[in-house]
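Before any comments, here is the structure.
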Amino acid sequence: MSSTQQNFSAGQTQGQTQAKAENLVQSTKESASAAVDKANAAANTSGQTAEQNKEEAAGFLQQTGEQMKNMAQGAVDSVKHTLGMDKK
């Protein structure tokens with residue numbers, strides 16, 4: 001094999017190797033980007049779910065507090081009525 005042909009083969013091999021490496025790097029970047037997108041989507045969904053659960057819990061506690069207040073007022077009114085203190 002002549003020196004020129006050896007140089008050509010070496011250059012060709014180097015070019016093919018470089019192209020494969022560039023394709024691998026590009027593929028890795030795309031995979032990483034897709035993983036980041038999925039992680040962001042999951043984080044957004046988790047955040048929205050947490051906010052919704054927080055709002056539902058606050059509403060439930062508000063409703064429970066109102067019910068307890070009404071029950072306590074009813075008990076006070078009942079005792080006042082029983083003792084005759086409800087008439088003014």
Side-chain angles (χ1 to χ4, degrees):
M1 187 181 283
S2 71
S3 171
T4 305
Q5 190 165 357
Q6 285 177 334
N7 287 340
F8 175 77
S9 292
Q12 188 177 22
T13 301
Q14 182 182 3
Q16 290 172 347
T17 302
Q18 186 174 358
K20 286 180 183 179
E22 288 174 0
N23 286 341
L24 181 60
V25 167
Q26 184 63 32
S27 176
T28 302
K29 285 180 182 178
E30 290 171 0
S31 295
S33 179
V36 167
D37 290 345
K38 286 182 181 179
N40 284 336
N44 287 339
T45 299
S46 295
Q48 290 169 351
T49 301
E51 185 65 28
Q52 183 179 2
N53 289 343
K54 180 178 150 186
E55 290 172 5
E56 287 175 6
F60 173 75
L61 291 175
Q62 174 86 25
Q63 183 179 8
T64 302
E66 289 293 324
Q67 288 174 347
M68 295 298 291
K69 182 178 126 182
N70 291 337
M71 287 173 55
Q73 186 62 51
V76 167
D77 291 344
S78 179
V79 169
K80 282 183 178 180
H81 179 74
T82 300
L83 297 176
M85 297 173 57
D86 60 340
K87 298 178 174 114
K88 293 186 179 184

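All heavy atoms count here, side chains included; hydrogens, waters and symmetry mates do not.
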Checklist entry - Should we say atom CD of Q16 is surrounded by more than 12 heavy atoms from elsewhere, each under 6.0 Å from it? => result yes

Checklist entry - Do the side chain of T17 and the main chain of T13 share a donor and acceptor less than 3.5 angstrom apart? => result yes

Next on the checklist: So E30 and Q26, do their side chains get closer than 4.5 Å, heavy atoms only?
Outcome noted: yes

Checklist entry - Which value, rounded to the nearest 0.5 Å, describes the distance between M68 atom CE and Q73 atom CD? => result 13.5 Å

Checklist entry - T82 side chain to S78 main-chain N or O, any donor-acceptor pair under 3.5 Å? => result yes

Please list, one pair per line, the donor and acceptor atoms closer than 3.5 Å that link side chains of residues 59-67 to other protein atoms, with sequence neighbours excluded.
| unit_1 | atom_1 | unit_2 | atom_2 | d |
| --- | --- | --- | --- | --- |
| T64 | OG1 | F60 | O | 2.8 |

